[in-house]
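Read the structure below first, then the notes.
Quick note on labels: first sequence line is chain A, next is B, and so on, each numbered from 1. No hydrogens, no waters, no symmetry mates; every other heavy atom, side chains included, goes into these values. Since we're looking at a predicted model, the values are computed, not measured.
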Amino acid sequence: MAELKLYNSLTRKKQVFEPIDASHIRIYACGPTVYSYAHIGNARMAVVFDVLSRLLRGLYPKVTYVSNITDIDDKIIKAAQDSGEKIDVITKKYADIYNEDMASLGVIAPDIQPRATAHIEGMIDIIKVLIEKKHAYEADGHVLFHVPSFAEYGGLSGRSRGEQIAGARVEVASYKRDPADFVLWKPSKGDKPSWNSPWGDGRPGWHIECSAMAAAHLGLPFDIHGGGADLKFPHHENEIAQSCCANGDESDLASFSKYWVHNGFVTVNGEKMSKSLGNVVLAHDLVKDHEGETLRMTLLAAHYRQPLDWTDSSIAQSKKTLDHLYQNLREIADIEIDDNTALPDSFMDALCDDINTPKAIAALSELAKTAVETRSAALKSQLIAAANLLGLLQHDPDIWLGYGVTGDDINTDHIEDLLHQRTDARSNKDFARSDEIRDELLAMGIAIEDTPSGAIWKKI
RNA sequence: GGCGCGGUGGCAGAGAGGAUAUGCAGCGGAUUGCAACUCCGUGUACACCGGUUCGAAUCCGGUCUGUGCCUCCA
């Protein structure tokens with residue numbers, strides 16, 4: 001079995017993955033806050049951790065992958081106020097759309113997708129423990145985590161307390177004992193959603209949500225915690241603080257999650273996606289215009305820790321690469337495969353080397369080429385098995401490439417008729433007519449290929 | 001200011017002391033009536049300057065440059 005190595009953000013080193021319990025791997029990844037459509041950055045996270053969980057399933061007997069939905073948050077409250085819709089309507093709508101869009105990208109739903117609002121009690125319990133242990137205090141209706149109470153604070157992001165304060169650009173609320181203290185619980189006034197708590201009606205801070213959901217579904221410590229690189233600070237740092245102080249070992253940052261995996265950012269045409277630049281690319285829009293598999297390929301074409309620049313040409317290039325793989329597959333369509341084939345070493349070695357998907361895709365290309373060359377059932381089986389793990393090549397090659405497709409806008413009889421006319425023209429060496437028909441078909445979006453067994457057509 | 005991550009051939013993008021990455025595009029060829037599809041062949045690539053080494057894109061130091069985070073953020 002290939003040895004899995006992961007870059008652990010906590011130790012800042014690539015390490016051999018040594019599970020806490022090899023009979024059951026437990027992984028958590030921070031999911032979206034559902035106040036709007038997911039953008040391509042959310043999609044990258046979903047696809048990256050989907051691949052990681054698929055890989056883990058290939059290596060270990062049991063994997064539990066938890067990825068949450070944050071359904072209570074200031075941004076959601078604002079979205080509700082702006083739109084006039086109820087909060088639970090908004091969160092259900094966008095959570096559903098998120099799951100549909102991710103499914104389009106070939107993302108297998110997490111084993112458990114907890115909602116923050118269903119874990120308020122768990123959050124309150126953690127906060128109680130933190131107060132008992134003097135890691136948190138109540139002030140002005142808020143409960144705050146007291147950062148100086150946790151000596152190891154900053155270990156994930158590599159920031160000392162002084163550095164954080166020096167860099168802080170937000171006004172410090174007067175009720176904070178220390179500028180770095182962060183909110184665990186805050187009062188909810190008026191029509192804002194609230195829950196009963198020992199500190200009055202209120203709602204949880206963002207960071208406590210993930211601590212509670214991860215603990216509830218995975219137990220502590222668990223193997224891998226993931227998310228986007230920007231979550232490292234403060235979100236993940238604060239999760240560690242809460243969880244280690246409440247239920248873990250205060251002197252061991254790994255007593256919450258042993259490994260931390262962070263995916264890099266997506267930029268759009270070289271710029272950071274932001275609302276102010278108006279360049280936010282939504283997964284929901286992309287899946288309307290492109291095959292989900294093409295988008296998935298584009299997201300996997302760069303190593304997950306590297307920045308990924310999203311452009312039209314990067315999508316087009318992925319489409320071409322996939323087309324070629326499908327062409328290869330089409331040529332060996334008649335070969336029966338063995339569904340129980342072991343994954344090829346070149347491919348697994350790449351994936352096990354810190355999820356090196358570009359290298360794994362290169363292995364896929366080479367495998368496809370060799371499979372066509374040798375017409376080997378074993379190699380084709382390996383190719384399919386490898387592609388399945390990445391969630392690629394899931395379509396019928398003929399359909400993907402448009403051969404003989406039917407549809408409302410395609411008049412098959414008319415096409416076949418023109419094709420016969422062209423064949424006749426060609427046999428009479430009337431190439432002018434032959435080319436005329438080809439152009440006519442092309443104008444209809446139909447391309448012709450002449451094969452030894454006659455002309456065939458495909459939709460382009 | 002602090003903490004990070006990069007700078008690889010036309011483009012995308014791996015590699016991390018000594019091999020051909022891979023894909024797309026381009027060019028040449030095979031095939032074709034011509035194409036398309038496919039196949040074969042084809043690349044002065046490693047920001048710059050020093051250093052270490054028998055040997056550096058890969059290690060060390062410096063310079064330039066891009067970019068992210070610093071309590072909204074995947």
Could you measure between the two [atom1] atoms, the one in [N] and the one in [M], and give it in whole Å?
N	M	atom1	value
A36(B)	G28(B)	P	13 Å
A25(B)	G61(B)	C1'	39 Å
G13(B)	U22(B)	C1'	8 Å
G66(B)	C48(B)	C1'	15 Å
C34(B)	C46(B)	C1'	42 Å
C40(B)	G23(B)	P	10 Å
A14(B)	G51(B)	P	31 Å
G10(B)	U52(B)	C1'	35 Å

For [X] and [N], what is the distance between atoms [atom1] and [atom2] respectively, to the nearest whole Å?
X	N	atom1	atom2	value
Arg12(A)	G6(B)	CZ	P	13 Å
Asp230(A)	G68(B)	CG	P	12 Å
Met273(A)	C69(B)	CE	P	11 Å
Asn263(A)	G68(B)	CG	C1'	13 Å
Asp309(A)	A12(B)	CG	P	8 Å
Glu436(A)	G33(B)	CD	P	20 Å
Tyr35(A)	A74(B)	OH	C1'	10 Å
Lys13(A)	A16(B)	NZ	C1'	18 Å

Donor-acceptor side-chain pairing of [X] and [Y] below 3.5 angstrom:
X	Y	value
Tyr37(A)	Asp101(A)	no
Asn238(A)	Gln242(A)	no
Asp71(A)	Tyr94(A)	no
Thr294(A)	Ser318(A)	no

Counting side-chain heavy atoms from C-beta on, which of [options] comes nearest to [X]?
X	options	value
Lys359(A)	C73(B), U22(B), A14(B)	A14(B)
Gln306(A)	G4(B), G6(B), U71(B)	G6(B)
Gln317(A)	C34(B), A12(B), C72(B)	A12(B)
Ala180(A)	U71(B), A25(B), G15(B)	U71(B)
Thr321(A)	A74(B), C34(B), G23(B)	G23(B)

Applying a 4.0 Å non-hydrogen cut-off, can you work out what [X] is touching in the nucleic acid: base, sugar-phosphate, or nothing?
X	answer
Ser434(A)	base
Gly41(A)	base
Gly264(A)	base
Lys75(A)	sugar-phosphate
His303(A)	sugar-phosphate

Flag the pair [X] and [Y] as a salt bridge only when some basic side-chain nitrogen lies within less than 4.0 angstrom of an acidic carboxylate oxygen.
X	Y	answer
Asp74(A)	Lys186(A)	yes
Lys320(A)	Asp323(A)	no
Asp354(A)	Lys359(A)	no

(message) Tell me if the centroids of the rings in Tyr65(A) and Tyr28(A) come within less than 6.0 Å of each other.
(response) no
(message) Is it the case that the base of G4(B) and the side chain of Ser157(A) share a donor-acceptor contact (distance under 3.5 Å, atom types as modelled)?
(response) no
(request) Assess whether one donor atom and one acceptor atom, taken from the side chain of Asn356(A) and the base of G15(B), lie less than 3.5 Å apart. (result) no
Under 3.5 Å on both distances, the Watson-Crick or G-U partner of [N]:
N	answer
G68(B)	C3(B)
A45(B)	none
U38(B)	A30(B)
G17(B)	none
A57(B)	none
U22(B)	A12(B)

(message) Can you see if the side chain of Lys232(A) gets near the phosphate of G4(B) - specifically, an N or O under 4.0 Å from OP1 or OP2?
(response) no
(request) Find out whether Ile240(A) and Leu10(A) are in side-chain contact, i.e. whether some heavy atom of one side chain is under 4.5 Å from a heavy atom of the other. (result) yes
(message) I want to confirm an ordering. Mapping Asp181(A) and Pro358(A) to their closest nucleotides on RNA chain B, which one lands closer to the 5' end?
(response) Pro358(A)
(message) Within this structure, what is the NZ-CG distance for the pair Lys380(A) and Leu367(A), rounded to the nearest 0.5 Å?
(response) 12.5 Å
(request) Could you encode protein contacts along nucleotides 35-40 of chain B as a string, one character per nucleotide from 5' to 3', using B for base contact, S for sugar-phosphate-only contact and - for no contact, with a heavy-atom cut-off of under 4.0 Å? (result) BBSSSS
